[in-house]
Novice: 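Structure provided below as structure tokens; questions to follow.
Given the structure is predicted, the values throughout are model-derived calculations rather than measurements. Below, chains carry the letters A, B, ... as their sequence lines are ordered, and counting in each starts from 1.
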There are 2 protein chains.
Amino acid sequence: MRLLIARCTVDYDGRLTAHLPSAVRLIMVKADGCVAIHADGGAYKPLNWMNAPNRLIEHDDHWTVTNPKGEQLTITIEEVLSDLSEEMGVDPGLQKDGVEAHLQELLAANPESIGEGLRLVRREYPTDIGPVDLLCRDADGGAVAVEVKRRGEIDGVEQLTRYLDFLNRDPTLRPVRGVFVAQEIKPQAKVLATDRDIGWVVVDYNELRGIESNELRLF
Amino acid sequence: MRLLIARCTVDYDGRLTAHLPSAVRLIMVKADGCVAIHADGGAYKPLNWMNAPNRLIEHDDHWTVTNPKGEQLTITIEEVLSDLSEEMGVDPGLQKDGVEAHLQELLAANPESIGEGLRLVRREYPTDIGPVDLLCRDADGGAVAVEVKRRGEIDGVEQLTRYLDFLNRDPTLRPVRGVFVAQEIKPQAKVLATDRDIGWVVVDYNELRGIESNELRLF
DNA sequence: GTGTATATCTCGGGG
DNA sequence: CCCCGAGGTATACAC
């Protein structure tokens, strides 16, 4: 990784055009070739960047970074304040816990926590426009499509609506009702779901993990 | 800005829990207090981060970064390879051109470029589930809802469908037809729009800018 | 502050 | 390769 602190101007010409007036900034060049220009503030997002793969050419007073799509970043360097290079090696990567996939697993193992009498038919049930998170049957044998989100917003309701639209074309399933499940559901998403006769359930991740470990203890 | 290159492990506990095994990484601390941990590859997104506002405490061998929501980042530093601090000042910020907002402005000023005889009623016309980009009336006085995108994809058609659904409940507007406008529309989005009796128009941003400057020249 | 839409989104997975 | 979905999305903007 190379870390250059310099007074510079930057121009990006690609999916949009953008310009940075002269100021002191950090120019970060990573081992994979990607370039990012950071100001001394404003969260983690750089002001300008160019992802790998690309071609970086260092001219006398400016750099050009070009990618295969024809996007170009031009960095005009007016004054170098610091220039540091360091070998870092390959990173072992981030280990995550608590994302949607895990929530889906827990719900698949405990469909009763979505609705009484629910039994799982299958996870990632395929439709023509993508897989439904969970397909279940209720106590009366009716099909239930479940969309799982960590945070329930309007687009999740849209997604489930699309799936229901397709599932209800299948005579072996019809009629299919929908349930929207999340750790937190925004009021507008509840309104839209109710408006479309879609049920919604708020679940607690830690409580589900508790159920899971209790059940494990029984065996 | 402080740039620390160190062998470290990192633990995040907040919206999820995540762990980074020991490796050499860049730890960036910006003037506004935000912290980002970068590997030597993988685009501009850091492996872990904590946005401002937060509280950074440097202990002997580890740092803790805590934000008001109770999320915490723990950086255990095993070996410091480099430690650089540099004053950069406030950045003048990025100047952009060609984003959706500009396209919407240009179309609002030239509704005729969407359809003959269209007149603008208002931009960001409010509905219960969010604002419609443009509400217009056509030559016959019929209401027209316009959704503007830079790149037209399926979710834009969904969005417009939602708005039309709500707008058509308003007796002073009904019937409202929809037009989907973008610089580029994906085939699937065209199919879905047509299927729902929604019109679609591909516009050229530079041409619109031309119309705009021509009109300005007339005055 | 809440809620909604945008983003040069980034990133990963599947066909 | 593109398409689609998730994200600790972040960020801007209207109400």
Side-chain angles (χ1 to χ4, degrees), chain A residues 10-18 34-37 42-52 54 65 67-73 93-94 96-104 124 126 129-133 147-151 153-156 158-159 162-163 182 186-192, chain B residues 12-18 34 36 41-52 67 69-73 93-94 96-104 122-133 147-151 153-156 158-160 162-163 186-189:
Chain A
V10 185
D11 288 281
Y12 166 74
D13 192 2
R15 279 165 282 185
L16 56 71
T17 59
C34 72
V35 180
I37 292 131
Y44 68 66
K45 196 179 179 183
L47 295 162
N48 256 318
W49 68 91
M50 185 73 84
N51 284 350
N54 62 46
V65 192
N67 75 6
K69 289 180 208 154
E71 297 171 76
Q72 182 164 332
L73 196 65
L94 187 66
K96 287 186 186 184
D97 180 31
V99 291
E100 187 199 299
H102 201 165
L103 187 57
Q104 196 197 103
E124 304 289 347
I129 51 162
V132 183
D133 285 340
E147 175 65 30
V148 180
K149 290 278 179 222
R150 211 165 43 79
R151 282 167 29 195
E153 299 180 17
I154 270 184
D155 58 346
E158 292 288 12
Q159 204 178 329
R162 272 194 316 264
Y163 292 144
K186 294 279 169 77
Q188 303 272 12
K190 291 183 184 176
V191 169
L192 188 63
Chain B
Y12 165 75
D13 193 2
R15 279 168 282 185
L16 55 70
T17 60
C34 71
Y44 71 64
K45 197 179 179 182
L47 294 162
N48 254 318
W49 68 92
M50 185 72 84
N51 285 348
N67 76 4
K69 289 180 210 154
E71 298 170 76
Q72 183 165 331
L73 197 65
L94 187 65
K96 289 184 186 186
D97 182 31
V99 292
E100 187 199 299
H102 296 154
L103 189 57
Q104 196 197 105
R122 111 162 241 201
R123 283 174 63 187
E124 303 290 347
Y125 185 93
T127 77
D128 286 351
I129 51 161
V132 183
D133 285 339
E147 176 64 31
V148 180
K149 289 278 181 224
R150 209 160 43 81
R151 283 167 32 196
E153 301 180 19
I154 270 186
D155 59 345
E158 293 286 15
Q159 203 177 329
L160 180 52
R162 224 155 53 217
Y163 293 145
K186 293 280 169 78
Q188 296 194 337

Novice: Need to verify one output field. Residue with the more 5' nearest nucleotide on DNA chain D, B:Pro126 or A:Asp133?
Specialist: A:Asp133

Novice: Using the ring of each side chain (for Trp, its six-membered ring), is A:Trp49 parallel, tilted or perpendicular to B:Tyr44, with breaks at 30° and 60°?
Specialist: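 Ring orientation, 0 to 90° scale: perpendicular.
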
Novice: From NZ of A:Lys69 over to C1' of D:dC1, roughly how many Å is that when rounded to an integer?
Specialist: 12 Å

Novice: Nearest nucleotide by nearest heavy atom, which residue falls closer to the 5' end of DNA chain C, B:Tyr163 or A:Glu71?
Specialist: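 The residue mapped nearer the 5' terminus is B:Tyr163.
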
Novice: What is the distance, to the nearest angstrom, from the NE2 atom on A:His102 to the C1' atom on D:dA6?
Specialist: 17 Å

Novice: Sequence neighbours excluded, which residues qualify as salt bridge (Lys or Arg N to Asp or Glu O under 4.0 Å) partners of A:Glu158?
Specialist: A:Arg196, B:Arg162

Novice: Does the side chain of B:Arg150 get closer than 4.0 angstrom to OP1 or OP2 of C:dA5 through an N or O atom?
Specialist: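 Result: no.
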
Novice: Regarding A:Glu153, tell me which of base, sugar-phosphate or nothing describes its non-hydrogen contacts under 4.0 Å with the strands shown.
Specialist: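 If one applies the 4.0 Å heavy-atom cut-off, A:Glu153 turns out to touch nothing in the nucleic acid.
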
Novice: Could you report the tightest heavy-atom contact between A:Glu153 and A:Lys186, atom names first, then the distance?
Specialist: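 Answer, listing the atom of A:Glu153 first, then A:Lys186: OE2-NZ, 3.7 Å.
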
Novice: How is B:Met50 classified with respect to the nucleic acid when contacts are heavy atoms under 4.0 Å: base, sugar-phosphate, or nothing?
Specialist: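 Result for B:Met50 = base.
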
Novice: Round to the nearest Å and state the distance from B:Arg162 atom CZ to C:dG3 atom C1'.
Specialist: 13 Å

Novice: Between D:dG5 atom P and A:Glu124 atom CD, what is the distance in whole Å?
Specialist: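 Atom-to-atom, A:Glu124 to D:dG5, this comes out as 11 Å.
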
Novice: Heavy-atom nearest nucleotide on DNA chain D for B:Asn67 versus A:Pro131: which residue maps closer to 5'?
Specialist: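 Of the two residues, A:Pro131 wins.
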
Novice: Please report the distance separating the C1' of C:dG14 from the corresponding atom of D:dG8, rounded so that it comes out in whole Å.
Specialist: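 About 25 Å, rounded to a whole number of Å.
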
Novice: What are the two closest non-hydrogen atoms of B:Leu16 and A:Lys96, and how far apart are they?
Specialist: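 Nearest heavy atoms, B:Leu16 then A:Lys96: CD2-CD, 4.1 Å.
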
Novice: Does a side-chain N or O of B:Gln104 approach OP1 or OP2 of C:dT6 to a distance below 4.0 Å, or not?
Specialist: no

Novice: Which heavy atom of A:Gln159 sits nearest to which heavy atom of A:Lys149, and what is that distance?
Specialist: OE1-NZ, 3.1 Å

Novice: Could you give the CD-to-C1' distance, from A:Gln159 to D:dG5, as a whole number of Å?
Specialist: 7 Å

Novice: Output the rounded distance in Å from CZ (A:Arg151) to C1' (D:dG5).
Specialist: 15 Å

Novice: Go along nucleotides 10-15 of chain C 5' to 3' and tag each nucleotide: B for a protein heavy atom under 4.0 Å from its base, S when only backbone or sugar atoms are that close, - otherwise.
Specialist: SS----

Novice: Looking at B:Ala52 and B:Cys34, what are the two nearest heavy atoms and their distance?
Specialist: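 Smallest heavy-atom distance, with atoms named: N-CB, 3.6 Å.
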
Novice: What distance, rounded to whole Å, do you find between the two C1' atoms, one in D:dA6 and one in D:dA10?
Specialist: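 It works out to 14 Å between them.
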
Novice: Rounded off to whole Å, could you give me the OH-to-P distance for the B:Tyr125 and D:dA14 pair?
Specialist: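 B:Tyr125 atom OH is separated from D:dA14 atom P by 18 Å.
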
Novice: What's the CD-P distance between A:Glu147 and D:dC4, to the nearest Å?
Specialist: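 Answer to the nearest Å: 15 Å.
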
Novice: Of all the heavy-atom pairs spanning A:Asn54 and A:Val65, show the shortest one and how long it is.
Specialist: CG-CG1, 3.5 Å

Novice: OP1 or OP2 of C:dT2 versus the side-chain N and O atoms of A:Lys186: is any pair under 4.0 Å?
Specialist: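 Result: no.
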
Novice: Using a heavy-atom cut-off of under 4.0 Å over every strand shown, decide if B:Leu94 touches base, sugar-phosphate, or nothing.
Specialist: base

Novice: Looking at every non-hydrogen atom in both residues, tell me the closest pair between A:Tyr12 and A:Leu73 and how far apart they are.
Specialist: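 Heavy-atom minimum between the residues: CB-CD1, 3.8 Å.
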
